[in-house]
Structure formats: structure tokens, C-alpha cells
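Below: the structure, in C-alpha cells.
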Amino acid sequence: MTRETFVWSAVAVLLVALAVPWFWWGSSRVVAGLPVWVWWHVGWMGLTAVVFAVFARRAWGVGVEGGVDG
Amino acid sequence: MAETGLQLGIIVGYLLLALGVGLVAYRLTDRTAEDYFLASRTLGTVVLLFTTFATLLSAFTFFGGPNIAYSAGPEWILVMGLMDGVLFGILWYVIGYKQWLVGKANGYVTLGEMLGDRFGSRRLRALVAGVSLFWLFPYVMLQQQGAGTALAALTDGAVPYWLGAGGITLFMIVYVALSGMRGVAWTDTLQGLFMLGMVWAAVAWILSAVGGPGAATAELAGAAPGHVTLGGGLYTPAYVLSTAVSIAFGVTMFPQVNQRFFVAGSKKVLKRTFALWPVLVILLFVPAFMLGAWAQGLGIAAGEDANVLPLLLNEYTPAWFAALVIAGAMAAMMSSSDSMLLSGSSYLTRDVYRQAVAGVTDRREALVGRLGVVVIALVSFVASLFQPGTLIEIGDTAFGGFAQLALPVLVALYWPGTTRTGMYAGVGGSQLFYLASVFLPFVPASYVFPLAPGLGGWSASVVGMALGLVLTVGVSTVTGHAAGEDAAVYRGRSAD
């Protein structure tokens with residue numbers, strides 16, 4: 001596994017791990033009309049979209065295309 | 001009665017519009033199998049995105065999802081985001097892009113074809129096609145059943161169940177059989193945009209009537225405090241994770257989605273589509289599921305079997321608007337079913353018929369493919385009239401069934417050491433385990449991990465996936481490659 005593949009895999013794991021705000025489990029705080037955890041999720045999905053876009057532009061092919069060594 | 005006429009008029013008008021789109025696509029379709037099933041691999045960004053997106057959606061967006069949010073809270077938003085926004089996006093790249101490269105280099109149209117070629121085995125090809133059709137068929141039936149039920153409920157029985165389900169079936173046959181992948185993709189685009197528009201219009205309408213999201217959420221917190229709290233009740237960490245993981249992997253192996261991995265026009269299309277996933281998921285599911293949850297605070301009384309969203313709309317919006325939303329829900333059902341019919345037919349045609357009959361021409365294959373659509377649609381319609389309990393159970397657990405295929409396929413795509421025997425063990429073993437958990441009462445459907453009991457029970461689907469992974473890798477390690485296997489066909493593919 002190349003260093004680039006490793007870094008992007010770690011990013012992917014992070015995106016999956018925090019899509020749900022586990023640290024607010026049991027929280028019922030409401031902010032601006034919605035539960036705070038809904039806002040977190042909306043923001044996280046936005047961040048995910050940005051990371052996906054950067055990945056698609058800069059690193060597309062990493063780990064999938066043969067012969068590409070990053 | 002005038003209201004029923006108006007509602008029916010709106011739905012029929014919508015269907016005719018979709019049919020018109022299908023006809024235009026038909027005129028552009030030439031008569032080869034590759035064009036019929038894959039639109040000659042030429043789909044653009046927006047169309048590819050919406051066709052996959054619309055295919056992912058079923059009646060769940062408008063009925064099942066809001067119903068769960070109504071009764072247990074809107075945490076399904078998180079499940080959806082994690083599942084379709086993040087995990088499916090990643091799998092889109094890891095499985096989808098790889099399949100696109102491999103498929104383009106070798107001309108594959110189906111998953112079974114891709115595996116059969118690599119492992120030099122017609123039996124493996126037939127096994128994968130058979131497993132897929134087994135889970136697909138009852139799922140198509142459920143969509144027809146949903147359409148029939150929704151129409152009957154909307155018109156208070158003026159359109160009986162059999163007529164609603166039959167009408168939708170006939171309609172789908174006409175335009176899927178005619179237009180193939182291109183028509184399906186175009187109507188899916190239309191339907192995806194329509195659903196997005198409708199759900200936001202519904203939110204705007206209802207929130208302006210009740211005084212904004214703050215007021216609606218305050219009502220909800222008063223009526224059901226647990227609904228604004230993250231977790232609790234149905235939602236344990238293990239539930240959220242197992243559901244998201246199982247469905248995300250399952251979706252990639254659903255024939256109509258998996259086949260989408262072969263249809264992108266270029267690498268650029270796949271790249272652009274990829275980054276839009278999380279955005280679309282948020283745009284659709286946050287409003288749809290919040291509406292379901294808010295309905296609880298607004299005092300909508302939905303019974304055990306009732307769908308909450310139509311009730312909410314009837315309370316706050318005029319009849320024509322509710323009919324438009326039901327049309328959107330029908331669109332969701334059809335955009336799932338039409339693509340399933342097409343892909344199911346291509347599995348049947350290429351992986352079964354073509355393997356069994358010698359000397360089939362391309363034209364003939366396209367013709368048989370169209371016949372396959374008609375046959376699958378009619379048989380599942382007849383099944384939907386009788387609604388046998390076993391089929392309903394298979395349909396309800398279809399995502400888990402497809403999820404069992406995902407890890408063996410992933411291993412095969414990336415690890416040249418995978419052997420034919422390993423694939424048989426991984427695919428067969430996980431399917432048997434999962435089937436047992438669904439049908440045998442003494443095999444549990446949920447498993448508590450002894451080291452972390454506080455997380456709740458993990459679904460049998462996730463356990464089966466782990467088993468499939470262990471079996472594929474383990475058995476491949478101790479067996480050698482069989483004659484006819486060619487590990488090189490998946491290797492070293494680049495886009496250029």
C-alpha cells in the first residue's frame with residue numbers, strides 16, 4: 001500500500017466514523033429549530049462532499065487503477 | 001368525487017409525461033443489446049447521478065422512512081447519510097470505479113459475467129445471477145404492492161388494489177420494454193428532480209402553516225421528548241451501524257445499481273457524480289424524515305399500518321398537492337422497479353439464456369431481453385395479487401441478501417489470490433447463513449458482541465457479511481487456482 005493510499009483510506013475511515021455525532025448520544029439540545037445532531041450531520045455531509053470533490057480532482061485512481069503509484 | 005377525479009388526473013398526467021420521455025429515448029435507441037441494457041455506456045453526469053439516485057429510492061422515502069421518524073424519531077436521517085452519503089460514496093469508488101475499468105476493458109454487462117470470466121466458471125456466473133434474481137424478484141413485487149396500496153388509499157378504494165398495481169405494471173412494461181436503459185435513465189432524472197421539488201414544497205407549505213421549524217420542533221419536544229434526543233428506543237449504536245453498513249453494501253450488489261457501474265460515459269462522469277452523493281442525500285432525506293417526526297408533534301394520529309406523510313399533507317395542504325406528492329411516491333416506486341426489471345432481465349438473458357442456448361445474435365438477445373422484462377413484470381404482478389408471506393419476507397430482507405455478495409466480490413476485484421473455491425465458499429456460505437437467520441426460528445436475527453454489550457444487537461446481515469469475508473479469504477488461502485481462472489483480467493487497468 002502506498003503512502004497516498006494509506007492517507008486517503010484514513011480519511012475515508014474518519015468520514016465514516018464521525019457522520020454520526022456519537023459524542024452527543026443522548027443529547028436533546030435544539031439549535032435553530034432542529035436537534036443539534038441534525039445540524040452536525042448536515043455539516044458533516046457538506047464536508048464529505050468537499051473531501052470527495054478534492055479527492056476526485058487530486059487523487060482519483062489511488063488504490064484502484066493498476067500501475068498508478070500515487 | 002371531483003377531488004378523486006383531479007387526483008387521478010394528476011397521476012395519469014404525470015405517467016403520460018414519463019411515457020413521452022421514454023418514447024423520445026426509444027427513437028434514439030438502436031437495436032443492440034449493449035445499447036438496450038447500457039445505453040452504449042454513454043450516460044452523462046446529471047443523468048447518471050439521478051438514475052442511480054432515483055433507483056436507490058423506493059417508497060421508503062415517502063412512506064417507510066417518515067413512518068419510522070414518526071414513531072421512533074428522525075435518527076434515520078443519520079442512517080441514510082452514513083449509508084447513502086458516505087459509505088455508498090466510498091463504495092461507488094472502491095467497487096464502482098474498479099468495475100467500470102474492468103467492465104470497459106472486457107465488455108462486461110453484468111456482475112455474473114464479470115465474475116464468471118475471471119474465475120472461468122459458468123456455474124459461478126449462474127450462481128451469482130440466481131442469487132441476485134432470488135432477492136430481486138420479491139422486491140419488485142413489493143413495489144407493485146406499494147403502488148396498488150397507495151392508489152387505493154388515495155382514491156378511497158375507487159381505484160381497487162389490483163387495478164392500481166396492474167396499471168402501474170402495464171405502464172412500466174410499455175416504457176421499459178420500449179426504451180431500455182436510456183429511457184429509464186431519462187425518466188429517472190425527471191422523477192428524481194420531481195421528488196426533490198415536491199418534498200421541499202411540502203416542507204415549506206407545512207412549516208409556514210405551523211410557524212416555522214422552531215415551533216414545529218418545540219411541539220415535537222413537548223409531545224415526544226425522546227424524538228429530539230439522539231438515540232434511545234429503536235436506535236442503538238449497533239442498530240445505526242448495522243443498518244447503514246448492510247444497506248450500503250447491499251445497494252452496490254442490487255442488479256440495477258451494480259449495472260450502473262458499467263454505464264458511465266467517462267471517468268469524468270464518475271468523478272463528478274461521486275462528489276454529489278452526500279449533498280443529494282441531505283437535500284432529500286432531511287426534509288422527508290423531519291416531516292414524519294414533526295407530524296408526531298402536530299398531533300397527526302397515524303395508526304399501525306397507515307402512512308403518516310399523506311395524512312400530514314391532507315391536514316395542511318390542498319388535495320391537488322397531496323396528489324402530486326403521491327405521484328412523486330409512485331415515481332419513486334417506478335424508478336426503482338423499472339430499473340430492476342431491466343437489470344433482472346439482463347441477468348436472465350445474458351447469464352442464463354445465452355449460456356444455455358448456442359448461437360444467439362445480438363439483435364436476438366435484445367429482443368429476448370425485452371421479453372424478459374414483460375415476463376418478470378407480469379409474474380411479479382400476479383404474485384403481488386396473492387402476496388404470499390414468504391415472498392414478502394424475502395423482499396423485506398433483500399438488502400441484507402445482496403449485502404452478502406458484496407465482500408466476496410470486493411475481495412475478488414482486488415486480491416489476485418482469490419480462488420474459485422473461495423468464491424463458492426464465500427458466496428454460498430454467507431447466503432446460507434443469512435437465509436437461515438431469516439427463515440429458521442432458532443437462528444437469531446440479532447447478535448450482541450460480548451465485549452461491548454452496551455452497543456446493542458448487530459444484525460444477522462452484518463454477521464453474515466463478516467462470515468462471507470472470512471470464508472472467501474480463508475478458503476482461497478488453502479485452495480489453488482482452478483483451470484480456466486485468469487486473475488490478470490482485473491489487474492492493472494487504468495482509465496487511459
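Scope of the values below: all heavy atoms of this structure, side chains included, with no hydrogens, waters or symmetry mates. Small disclaimer: the values here were computed from a predicted structure and weren't measured. Chain letters run A, B, ... following the sequence lines, proteins first and then strands; every chain starts at 1.
A:Phe55 places none of its side-chain heavy atoms less than 4.5 Å from the side chain of B:Ile90. Side-chain contact between A:His41 and B:Ile77: present, with at least one pair of heavy atoms (C-beta onward) separated by less than 4.5 Å. Residues B:Met114 and B:Tyr490 have side chains in contact (heavy-atom distance under 4.5 Å, counting atoms from C-beta outward). In this structure, the side chains of B:Trp92 and B:Phe261 come closer than 4.5 Å at one or more pairs of heavy atoms. Residues B:Asn258 and B:Val409 form no side-chain contact, since every pair of their non-hydrogen atoms from C-beta on lies 4.5 Å or further apart.
In this structure, the portion of A:Val30 lying under 4.5 Å from any heavy atom of chain B is its side chain and not its backbone. Proximity to chain B is absent for every atom of A:Trp40, based on heavy atoms less than 4.5 angstrom apart. Contacts between B:Val286 and chain A at a heavy-atom distance below 4.5 Å involve the side chain alone, from C-beta outward. The contact between B:Leu78 and chain A is made by backbone and side chain atoms together, counting heavy-atom distances below 4.5 Å. Residue contact with chain B, scored on non-hydrogen atoms closer than 4.5 Å, involves the backbone of A:Ser27 exclusively. For B:Val281, no part lies near chain A; criterion is any non-hydrogen pair under 4.5 Å.
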Assess whether side-chain contact (heavy atoms from CB on, under 4.5 Å) is satisfied between B:Tyr108 and B:Gln99, documenting all intermediate values. CA-CA 9 Å; B:Tyr108 303 136; B:Gln99 268 193 225; over 6 Å; no

side-chain contact (heavy atoms from CB on, under 4.5 Å) between B:Leu196 and B:Leu284, worked out: CA-CA 6 Å; B:Leu196 262 184; B:Leu284 189 70; 3.8 Å; yes

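Contacts between residues 210-222 of chain B and chain A, defined by a heavy-atom separation under 4.5 Å, are made by B:Pro213, B:Gly214, B:Thr217.
A distance-only check finds no donor-acceptor pair linking the side chain of B:Asp486 to the backbone of B:Arg118 [under 3.5 Å].
Aromatic rings of B:Trp277 and A:Phe52 (six-membered ring for Trp) have centroids beyond the 6.0 Å cut-off, not under it.
Ranking A:Trp44, A:Trp24, A:Trp22 against chain B, the residue ahead of the rest is A:Trp22, based on heavy-atom pairs under 4.5 Å. Among B:Thr236, B:Leu207, B:Val279, the residue with the largest count of heavy-atom pairs under 4.5 Å with chain A is B:Thr236. With respect to chain B, the highest number of heavy-atom pairs below 4.5 Å among A:Gly46, A:Gly26, A:Pro21, A:Ala32 belongs to A:Gly26.
Using a 30° and 60° split on the angle between ring planes, B:Phe274 and B:Tyr93 fall in the tilted class, from 30° to 60°.
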